[in-house]
Student: 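So that we are looking at the same thing, I have put the structure below in structure tokens.
Throughout, a chain's letter reflects where its sequence line sits, starting with A, and its residues are numbered from 1.
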Amino acid sequence: MKKKVENSKNKERFANKVLEWYDRNRRVLPWRALPHEKSNPYHVWLSEIMLQQTGVGTVIPYFLDFTQKWPTIRELAAASEQDILTAWAGLGYYSRARNLHRCARVVVSDYNGVIPCSVDELIKLPGVGDYTANAIHAIAFDEPSNVVDGNVERVMARMTAYETPFPAGKKGIKATAKEFLPSSRHADYAQSLMDLGSMVCTPKNPKCDACPVQLLCMANQMEMAETYPKREPKKKIPNHTMTAFVLTRLSDGAVLMHYRDKNAMLGGMLEVPSTPWGVKQSCPVEQPFDYAPDNALQWLRCDDTVRHVFSHFALSVTIYKASCDGINAGDAKHEWIKPENFDRKPIPTLTKKILAIGLL
DNA sequence: TAGTCGTGGAA
DNA sequence: TTTCCAAGACT
């Protein structure tokens, strides 16, 4: 009984100490309201989508570009999907961009352009899952919500020396996080925990000496912070190979490209003609030139190859290049695109790497 | 529920 | 160089 009361007090101390730390170390971020300033739900939503599995430093320039191009959610909804994908190019996880666009249109058509505040409504929106719904609820509207991302999971696992390995243990850690929720300053608390996780309670070399809750942290007491959270060993990703063909038009230097299927990986983004992916190294495509735009051309193999690592496989790309007078572009999906227009088109990093070699 | 979805920074 | 993994969602 006495111990339970003690635990309860420690949980209050935890939130207070984290919030005090936040007040002293508060970062200025483009989407973050200043103290005593009201946050912009559009900015909070947009940033939360961009920040999914993506670092703050990577997101900032994209966020600034998006809010300059589309200052309100109505303007974002009015844009074309291709313009959204073009602006998103390089950020990865392109279904986020397509869902972002769909979500903006739903908010305009079903919610009169006003982002809903309840978790129940938020979670129905495209691209908004459990985490993001709670994050918007807390950060944009200062409502109580259990906002648990990878940072919070790590902080909580260390606080309680949580032994169940992730990802199986993630459900239990969310219940733990709920125990620590304060009764006020919901927006600040959510952001303070994530900042603490990304700045102090880091995955490697955690700065326990600088941590405001080091005396409450069980992992720190054992000097074992870095060993939490425990994780199941990861599976290795396979290596695949691909051959890509960079065909240049002599008259203006335009390159033959086409849009990938919207439901495929890199959906809606541009690529050059290529052999299929997912072909294991032990079983290469027998006749790569069957996939060339014109296998009668003089294809020159580039010395450099491209290696690109996706989430669940790696790709080694052999590149051939050729020039022509103006071959017919085949089906309507194909397009000749001039290099000076590359930054106006949705070109993912893989394609950019291939073009950089193929246009040498 | 486990696999599918990018990319780049850090150690 | 390799490995990890980040303010996850969707199926």
Student: Between A/F63 and A/W31, what is the ring plane arrangement, given parallel below 30°, perpendicular above 60°, and tilted in between?
Tutor: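 Answer is perpendicular, since the angle exceeds 60°.
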Student: Between A/H308 (NE2) and B/dC5 (C1'), how many Å, whole number?
Tutor: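 Going from NE2 in A/H308 over to C1' in B/dC5 covers 12 Å.
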Student: Base, sugar-phosphate, or nothing: which does A/W31 touch, judged by heavy atoms less than 4.0 Å apart?
Tutor: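 The answer is base, as A/W31 lies within the cut-off (heavy atoms under 4.0 Å) of a base atom.
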Student: Does A/S311 make a side-chain donor-acceptor contact with the base of B/dG6, cut-off 3.5 Å?
Tutor: yes
Student: For C/dA7 versus B/dA2, give the span between their C1' atoms, rounded off to a whole number of Å.
Tutor: 23 Å
Student: Just to be sure I understand the rule, does A/S47 reach a base, reach only the sugar-phosphate, or reach nothing, if contact means heavy atoms closer than 4.0 Å?
Tutor: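 Counting heavy atoms under 4.0 Å across all strands, no contact is made by A/S47.
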Student: A/M50 has an atom CE; how far is it from atom C1' of C/dA7, in whole Å?
Tutor: 13 Å
Student: Any idea which of B/dG8, C/dA7, C/dG8 is nearest the A/S198 side chain?
Tutor: C/dA7
Student: Hey, would you say the A/F245 and A/F289 ring centroids sit under 6.0 Å apart?
Tutor: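 Ring centroids of A/F245 and A/F289 are less than 6.0 Å from each other.
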Student: Measure the distance from CG on A/L270 to C1' on B/dG6 and round it to the nearest whole Å.
Tutor: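 Rounded to the whole Å, the gap is 16 Å.
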Student: What contact category does A/T58 fall into here, base, sugar-phosphate, or nothing, at under 4.0 angstrom with non-hydrogen atoms?
Tutor: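 Counting heavy atoms under 4.0 Å across all strands, no contact is made by A/T58.
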Student: Just the rounded figure in Å: distance from P of B/dG8 to CG of A/L350.
Tutor: 11 Å
Student: Between A/R231 and C/dC5, is there a side-chain N or O to OP1/OP2 distance below 4.0 Å?
Tutor: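 Looking at the OP1 and OP2 atoms of C/dC5, one of them is under 4.0 Å from a side-chain N or O of A/R231.
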Student: Checking salt bridge (charged side-chain N to carboxylate O under 4.0 Å, His left out) against A/E153, which of A/R231, A/K230, A/K170 comes through?
Tutor: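 Output: one option passes, namely A/K170.
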Student: A/L51 has an atom CG; how far is it from atom C1' of B/dG6, in whole Å?
Tutor: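 Those two atoms, CG and C1', are 15 Å apart.
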Student: Between B/dG6, C/dA7, C/dC5, spot the one nearest the side chain of A/Y93, thanks.
Tutor: B/dG6
Student: Starting the side chain at C-beta, find the nucleotide from B/dT4, C/dA6, C/dG8 nearest to A/D149.
Tutor: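 Given the options B/dT4, C/dA6, C/dG8, the side chain of A/D149 is closest to C/dG8.
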Student: Looking at every strand, decide which applies to A/L91 at a 4.0 Å heavy-atom threshold: base, sugar-phosphate, or nothing.
Tutor: base
Student: Between A/E226 and A/K204, is there a side-chain N and carboxylate O pair less than 4.0 Å apart?
Tutor: no
Student: Could you tell me whether the phosphate oxygens of C/dC5, OP1 or OP2, come under 4.0 Å of any side-chain nitrogen or oxygen in A/K234?
Tutor: yes
Student: Students often mix this up, so state it plainly: with edges at 30° and 60°, are the rings of A/W277 and A/F310 parallel, tilted or perpendicular?
Tutor: parallel
Student: Tell me whether the guanidinium CZ or amine NZ of A/R96 lies under 6.0 angstrom from the six-membered ring centre of A/W45 and within 45° of its axis.
Tutor: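 No, cation not above the ring by the 6.0 Å, 45° rule.
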Student: NA contact type, A/V309, heavy-atom cut-off 4.0 Å: base, sugar-phosphate, or nothing?
Tutor: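 Counting heavy atoms under 4.0 Å across all strands, the contact made by A/V309 includes a base.
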Student: Quick one: label A/G55 by what it contacts on the DNA or RNA (base, sugar-phosphate, nothing), any heavy atom closer than 4.0 Å.
Tutor: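 If one applies the 4.0 Å heavy-atom cut-off, A/G55 turns out to touch nothing in the nucleic acid.
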Student: Would you say A/R154 places a side-chain N or O within less than 4.0 Å of OP1 or OP2 belonging to C/dC5?
Tutor: no
Student: Ignoring the backbone of A/Q53, work out which of B/dT7, B/dG6, C/dA9 is nearest its side chain.
Tutor: B/dG6
Student: Describe the nucleic acid contact of A/G90 in one word from base, sugar-phosphate, nothing, applying a heavy-atom distance below 4.0 Å.
Tutor: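 Sugar-phosphate contact only.
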Student: Which nucleotide, C/dT3, B/dT7, C/dG8, lies nearest any side-chain atom of A/Y94?
Tutor: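 Among the listed nucleotides, the one closest to the side chain of A/Y94 is B/dT7.
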Student: Which of the following nucleotides, C/dA7, B/dG8, B/dG6, is nearest to the side chain of A/T349?
Tutor: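 Nearest nucleotide to the side chain: B/dG8.
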Student: Could one point to a donor on the side chain of A/T54 or the base of B/dG8 with an acceptor on the other under 3.5 Å away?
Tutor: no
Student: Indicate the ring-plane relationship of A/W88 and A/F66, choosing parallel, tilted or perpendicular according to the 30° and 60° boundaries.
Tutor: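 Geometry flag for A/F66 against A/W88: perpendicular rings.
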Student: Between C/dT11 and B/dG6, how many Å separate the two P atoms, rounded to a whole number?
Tutor: 14 Å
Student: Could you please name the option among C/dT3, C/dA6, B/dT7 that lies closest to any side-chain atom of A/N151?
Tutor: C/dA6
Student: Can you tell me the distance, in whole Å, between the NZ atom of A/K262 and the P atom of B/dC5?
Tutor: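 So the two atoms are 17 Å apart, to the nearest Å.
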Student: Tell me what A/P167 touches on the nucleic acid: a base, only sugar-phosphate, or nothing, going by heavy atoms under 4.0 Å.
Tutor: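 A/P167: no heavy atom of the nucleic acid under 4.0 Å.
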Student: Please report, rounded to the nearest Å, how far the P atom of C/dC10 is from the NZ atom of A/K124.
Tutor: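 Between P of C/dC10 and NZ of A/K124: 14 Å.
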Student: Can you check whether A/C117's main-chain N or O pairs, donor with acceptor, with A/E143's side chain at less than 3.5 Å?
Tutor: no
Student: I want to verify a distance call: between B/dA11, C/dG8, B/dT7, whose nearest atom is closest to the A/N205 side chain?
Tutor: B/dA11
Student: Regarding A/R32, tell me which of base, sugar-phosphate or nothing describes its non-hydrogen contacts under 4.0 Å with the strands shown.
Tutor: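 Base: the residue A/R32, judged by heavy atoms under 4.0 Å, touches a nucleobase.
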Student: If you find the nucleotide of DNA chain C closest to A/P126 and the one closest to A/Q191, which residue's nucleotide is nearer the 5' end?
Tutor: A/Q191
Student: Using a cut-off of 4.0 Å on non-hydrogen atoms, how would the nucleic acid contact of A/L29 be classed: base, sugar-phosphate, or nothing?
Tutor: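 Counting heavy atoms under 4.0 Å across all strands, the contact made by A/L29 includes a base.
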Student: For the pair made of CG in A/L315 and P in B/dG6, what is the distance, rounded to whole Å?
Tutor: 12 Å
Student: OP1 or OP2 of B/dC5 versus the side-chain N and O atoms of A/H312: is any pair under 4.0 Å?
Tutor: yes
Student: Report which part of the nucleic acid A/V56 touches: base, sugar-phosphate, or nothing (heavy-atom distance under 4.0 Å, all strands).
Tutor: base
Student: Between A/K235 and A/I347, which is nearer to the 5' end of DNA chain B once each is assigned its nearest nucleotide?
Tutor: A/K235
